[in-house]
Amino acid sequence: MPTSQKKPVVIVTRKLPDVVETRMCELFDTRLNVDDRPMSQAQLVEAVKTADVLVPTVTDRIDRAVLTQAGPRLRLIANFGTGVDNVDLDTARNRGILVTNTPGVLTEDTADMTMALILAVPRRLAEGAAYMRNPATKWSGWSPTWMLGHRIFGKRLGIIGMGRIGQAVARRAKAFGLQIHYHNRRRVLEEVEEELEATFWESLDQMLTRVDIVSINCPHTPATYHLLSARRLKLLKSSAYVVNTARGEVVDENELARLLEAGAIAGAGLDVFEHEPAVNPRLLASDRVIALPHMSSATIEGRIDMGEKVIINIKAYCDGHAPPDRVHPAML
Ligand code: 8YV
């Protein structure tokens with residue numbers, strides 16, 4: 001790896017796109033992880049002892065135990081990702097370590113995948129595709145009563161978390177003829193509500209009883225942990241679908257699996273899971289579930305944009321400026 005005495009030591013925990021890594025090596029004394037093997041907690045401790053800047057991802061748990069062992073040089077955690085629930089923000093702040101993230105650049109990609117799941121689950125897209133691929137099943141031709149799903153047009157979508165991604169999902173969903181409902185800590189601007197013809201529900205419970213599809217688009221924070229609790233999941237209509245491209249921890253996954261098995265919820269499109277990379281086998285066993293491996297933001301363009309944001313945050317900080325994407329615990 002290229003090294004220089006004067007440049008800040010930047011430790012990157014996972015393999016990033018080549019173009020991002022190359023630029024980082026030009027600008028900083030960068031330690032890459034070209035093998036892309038996730039670091040153990042002991043390796044993360046080693047990293048925070050030596051780095052000026054750590055660049056972790058969602059797979060790295062930068063918790064209190066790691067941060068309390070950080071060396072005096074560690075001043076910035078430039079997270080490669082928008083969600084920062086992998087970092088203990090309070091401990092970082094108490095130790096004077098700044099945390100930045102990569103907001104905005106993965107909004108459209110994540111909203112695309114959310115919309116894809118909203119379409120795919122009620123229309124049984126994965127089942128149809130798996131049937132055609134399976135050498136054991138020979139398609140005998142069209143039938144009027146086979147592979148019937150449910151219509152998307154005219155249904156009600158309830159979005160939990162109407163930030164950037166929630167609004168981008170709403171725009172797409174409106175174009176598909178869905179009626180937009182949302183629950184958010186704050187009501188969005190009147191212009192936005194008008195554009196989306198969106199109905200605000202202060203009460204999440206009230207919204208859940210009325211919608212046909214729920215899309216989770218809020219961050220995972222202590223306040224949103226199991227926001228879709230066992231009690232709330234039971235409020236959904238038995239014909240309702242749940243789509244989650246945010247964080248698994250927002251949903252009581254066990255109860256979701258139980259309700260799907262019982263036919264008390266019609267289906268789920270899940271890109272994220274409560275205990276990643278472990279996935280509840282009951283969810284994987286269900287025909288009513290489309291499970292994806294946390295890939296909503298997985299476009300090469302998105303990853304390069306995320307890398308550029310990380311670089312700008314590090315460079316700004318090292319040049320003595322406030323990094324543009326600082327995360328304050330109060331923002332969440
Ligand atoms: C990223 C994500 O791929 O940015 C986020 O919050 O959930 C993902 O889409 C991941 O976090 C990278 O660290």
Side-chain angles (χ1 to χ4, degrees), residues 10-17 20-21 24 32-33 36-39 44 47 53-63 66 76-89 92 99-117 160-161 163-169 215-225 227 243-251 253 269-279 291-314 323-329 331-332:
V10 176
I11 298 186
V12 185
T13 65
R14 300 297 299 268
K15 171 91 187 89
L16 302 182
V20 174
E21 290 186 342
M24 286 179 114
L32 300 174
N33 176 359
D36 199 30
R37 264 193 222 107
M39 287 187 178
L44 287 172
V53 179
L54 182 73
V55 180
T57 73
V58 69
T59 57
D60 307 302
R61 201 159 35 82
I62 314 298
D63 56 15
V66 170
L76 174 65
I77 295 175
N79 197 49
F80 183 88
T82 302
V84 284
D85 51 339
N86 54 317
V87 182
D88 179 341
L89 296 179
V99 178
T100 59
N101 67 345
T102 61
V105 291
L106 31 79
T107 301
E108 304 303 329
D109 295 328
T110 306
D112 283 345
M113 196 63 100
T114 309
M115 197 62 221
L117 288 171
I160 302 177
R164 268 183 290 252
I165 297 174
Q167 290 180 31
V169 170
S215 175
I216 300 167
N217 298 108
C218 61
H220 165 221
T221 67
T224 64
Y225 175 77
L227 188 62
V243 169
N244 189 2
T245 55
R247 282 293 182 270
E249 290 91 335
V250 180
V251 184
E253 201 173 87
L270 307 171
D271 183 47
V272 287
F273 302 90
E274 204 175 332
H275 306 287
E276 289 181 22
V279 180
L292 298 176
H294 198 142
M295 57 189 270
S296 285
S297 69
T299 66
I300 182 63
E301 295 88 346
R303 293 288 186 255
I304 292 171
D305 290 348
M306 287 163 77
E308 276 174 10
K309 282 225 154 221
V310 167
I311 291 169
I312 290 167
N313 282 315
I314 301 174
D325 303 310
R326 262 177 313 168
V327 178
H328 305 283
M331 278 159 53
L332 298 169

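Whatever order the structure lists them in is the order used to number ligands and atoms, beginning at 1. Just so it is clear, the model here is predicted, and its values are computed rather than measured.
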Original post:
Taking only heavy atoms of Ser297, which atoms of ligand 1 are found under 4.0 Å from at least one of them?
Top reply: 1 (C), 3 (O), 8 (C), 9 (O)

Subject >> Derivation and outcome, side-chain contact (heavy atoms from CB on, under 4.5 Å), residues Val250 and Cys218 >> reply: CA-CA 8 Å; Val250 180; Cys218 61; 3.9 Å; yes

Original post:
Does Glu274 use its side chain to pair, donor to acceptor, with the backbone of Glu253 at less than 3.5 Å?
Top reply: yes

Original post:
Are any of the side-chain heavy atoms of Val169 and Asn217 separated by less than 4.5 Å?
Top reply: yes

**OP:** State whether the shortest distance between N or O atoms of Met306 and N or O atoms of ligand 1 falls below 3.5 angstrom.
**Re:** no

Original post:
Considering only protein heavy atoms, which is closest to atom 7 (O) of ligand 1, and at what distance to one decimal place?
Top reply: Arg247 NH1, 2.6 Å

Subject >> Minimum-distance protein heavy atom relative to atom 13 (O) of ligand 1 >> reply: Phe80 O, 2.5 Å

**OP:** Check whether any N or O atom of Leu106, backbone or side chain, sits under 3.5 Å from an N or O atom of ligand 1, and answer yes or no.
**Re:** no

Subject >> ligand 1 contacted by His294 (non-hydrogen, < 4.0 Å) >> reply: yes

Subject >> Pair Lys15-Glu21, salt bridge (charged side-chain N to carboxylate O under 4.0 Å, His left out): steps then yes or no >> reply: CA-CA 8 Å; Lys15 171 91 187 89; Glu21 290 186 342; 2.7 Å; yes

Original post:
Which ligand 1 atoms are under 4.0 Å away from a heavy-atom of Gly83?
Top reply: 4 (O), 5 (C), 6 (O)

Original post:
Looking only at side chains, do Asn101 and Asp325 share a donor and an acceptor under 3.5 Å apart?
Top reply: no

**OP:** Evaluate the side-chain contact (heavy atoms from CB on, under 4.5 Å) criterion for residues Ile62 and Leu54: first the C-alpha distance (whole Å), next the side-chain angles of each, then the deciding distance (0.1 Å), finally the verdict.
**Re:** CA-CA 10 Å; Ile62 314 298; Leu54 182 73; 3.7 Å; yes

Original post:
Would a distance-only check, ignoring hydrogens and angles, find a side-chain to backbone donor-acceptor pair under 3.5 Å from Glu276 to Phe273?
Top reply: yes

**OP:** Heavy-atom distances under 4.0 Å are what count here, so tell me which part of Met295 touches ligand 1: side chain, backbone, both or neither.
**Re:** neither

Subject >> Contact atoms of ligand 1, heavy-atom distance to Arg303 under 4.0 Å >> reply: 3 (O)

**OP:** Could you check atom 11 (O) of ligand 1 against the protein and tell me its nearest heavy-atom contact, residue, atom and distance included?
**Re:** Val58 CB, 3.4 Å

Original post:
Short list, please: which atoms of ligand 1 are under 4.0 Å from a heavy atom of Gly81?
Top reply: 4 (O), 11 (O), 12 (C), 13 (O)

Original post:
Checking side-chain contact (heavy atoms from CB on, under 4.5 Å) for the pair Arg14/Thr59: CA distance, chi angles, key distance, verdict?
Top reply: CA-CA 9 Å; Arg14 300 297 299 268; Thr59 57; 2.9 Å; yes

Original post:
Out of Thr114, Asp271, Asn244, which residue meets the side chain to side chain donor-acceptor pair (under 3.5 Å) rule with Ser296?
Top reply: Asp271

Subject >> Numbering as shown, the atoms of ligand 1 that approach Thr57 to under 4.0 Å (heavy-atom distance) >> reply: 13 (O)

Original post:
Where is the nearest protein heavy atom to atom 5 (C) of ligand 1: which residue, which atom, and how far?
Top reply: Thr82 N, 3.4 Å

